Amino acid sequence: MQRLVFSRYTSRDGHPDWNTLSSGAHELAAKLRPRLETPRTGPAEWRRRAHSWRTAAHNYAGNLERTRAGREDLWPLYFIWTTLRPCNFRCSYCDDHRGARYPELDGRGRLDTAAGKRLLRVMRTRTPSVYFAGGEPTLRRDLPELIREARDLDYYPIVVNTNGSLFHQLLEKPAWRTFLADVDLLVVSLDALELGTLKRMWVTEHPEDVIRNLLMLRELASEMHVKLMVNTVIQPGLVHEARSVLDLADDLGIWFCPVPQNRGPRIDPDVLADPDYQELSRTIVERKRDGARISGSVRMNERLLNAAPLDCRNTLKPHVDHDGKLAWPCKASANVEPARIDVLDFDSVDALYAHARRRIDPTHFHGPRPDQCGGNCNWAQNYTTDEYAWGLRHPAHLARELLGFVRR
Ligand code: SF4
């Protein structure tokens, strides 16, 4: 039996029985391992990464020019694709960026496999990386096929954000044998470890499945060349649970991404006012400084966790909905209704962005005025765009960040 050794994490009442979970995870990993395709390595893999980096460098040069000209319609770093709306969980904090919960929205109209592949081809004309989201993306039977397409198109990194609840079943299926080999970064939502809390928060009977699957994925991650990350929404009254997840992730070598809970398009004031939250923020930043596996840079985490004013640049991370419509320039905009533009009407991101810019100019879109977005969304992804915008004005800083990312 695999015993987990903890140095930072301390179990609390209601946390899982780690011996049982880790032994279940170990058995699962042993059963699944022979069924999984091995990841590509060598020249083919390096060509994929180099192609993606070339796109990113090309965009950076274009973005530098646009910034110097005072423009904010920047070429994308990656695109977010809400592949579908349904979800098998009902998380209390779930939000589609327009105030609705994904599982409660009409799930019809999602792109089929062929249209999904076309979307990937169009977006790849200018986008180095793709972020598959939902709803719960693993509910799509064709997800492995779409991810293989993304890999063949040389997207890098390929990111999937999931609740992780179904992998023990999915990875047994022949259609899913390529999944782990093709994904670069797997982000699993884990907001607490107290099982009763998770049951209520996620509205699921078996939250321990997620934690066992996470342990199973951890066993497979290094051989499958997958970077494994937990995404933790830090909620009022549950800061101690977020701290437990941080400590657990630290002990297990899993990446940690903190997400302070938002209320509407701003950080939840109850989170920010909580002294435990302030202490947790300091711990996260200190550990990041000491080299812990925490997403983003020290500067980015300091700014995110303290809700510092940010330069939000949404065209760096265009958000495409389940129906192939791009919400431009920002899906979360509170004051101005975003334009919804069908990506499949275009052959390239250049043509798409030229059309979109004519509908709404993204320059000076972020701000409080009635003709601006009216938000200050405290999301890690926004602080990533803020870092990049900073990097356009301070190229040496961005070079250091990129070097750190590549090394990791
Ligand atoms: S801060 Fe404004 S532009 Fe940025 S995500 Fe929120 S609403 Fe959109």
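Source: prediction; values computed, not measured. Both ligands and their constituent atoms are indexed starting at 1 by order of listing.
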Student: Check whether the side chains of N314 and H319 place a donor and an acceptor atom closer than 3.5 Å, and report yes or no.
Tutor: no
Student: Would you kindly say whether N163 and S165 are connected by a side-chain donor-acceptor distance under 3.5 Å?
Tutor: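 Per modelled atom types, N163 and S165 side chains form a pair under 3.5 Å.
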Student: So what's near atom 4 (Fe) of ligand 1, protein N, O or S atoms under 2.8 Å?
Tutor: C312 SG
Student: Do S7 and D251 have side-chain atoms, one donor and one acceptor, less than 3.5 Å apart?
Tutor: yes
Student: Which of parallel (below 30°), tilted (30 to 60°) and perpendicular (above 60°) describes Y353 and W328?
Tutor: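 Correct class here is perpendicular.
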Student: Any idea how Y388 and Y60 line up, ring-wise: parallel (<30°), tilted (30 to 60°), or perpendicular (>60°)?
Tutor: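 Rings of Y388 and Y60: perpendicular, as their planes differ by over 60°.
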Student: Check the angle between the aromatic planes of Y9 and W18 and answer parallel, tilted or perpendicular using the 30° and 60° thresholds.
Tutor: perpendicular
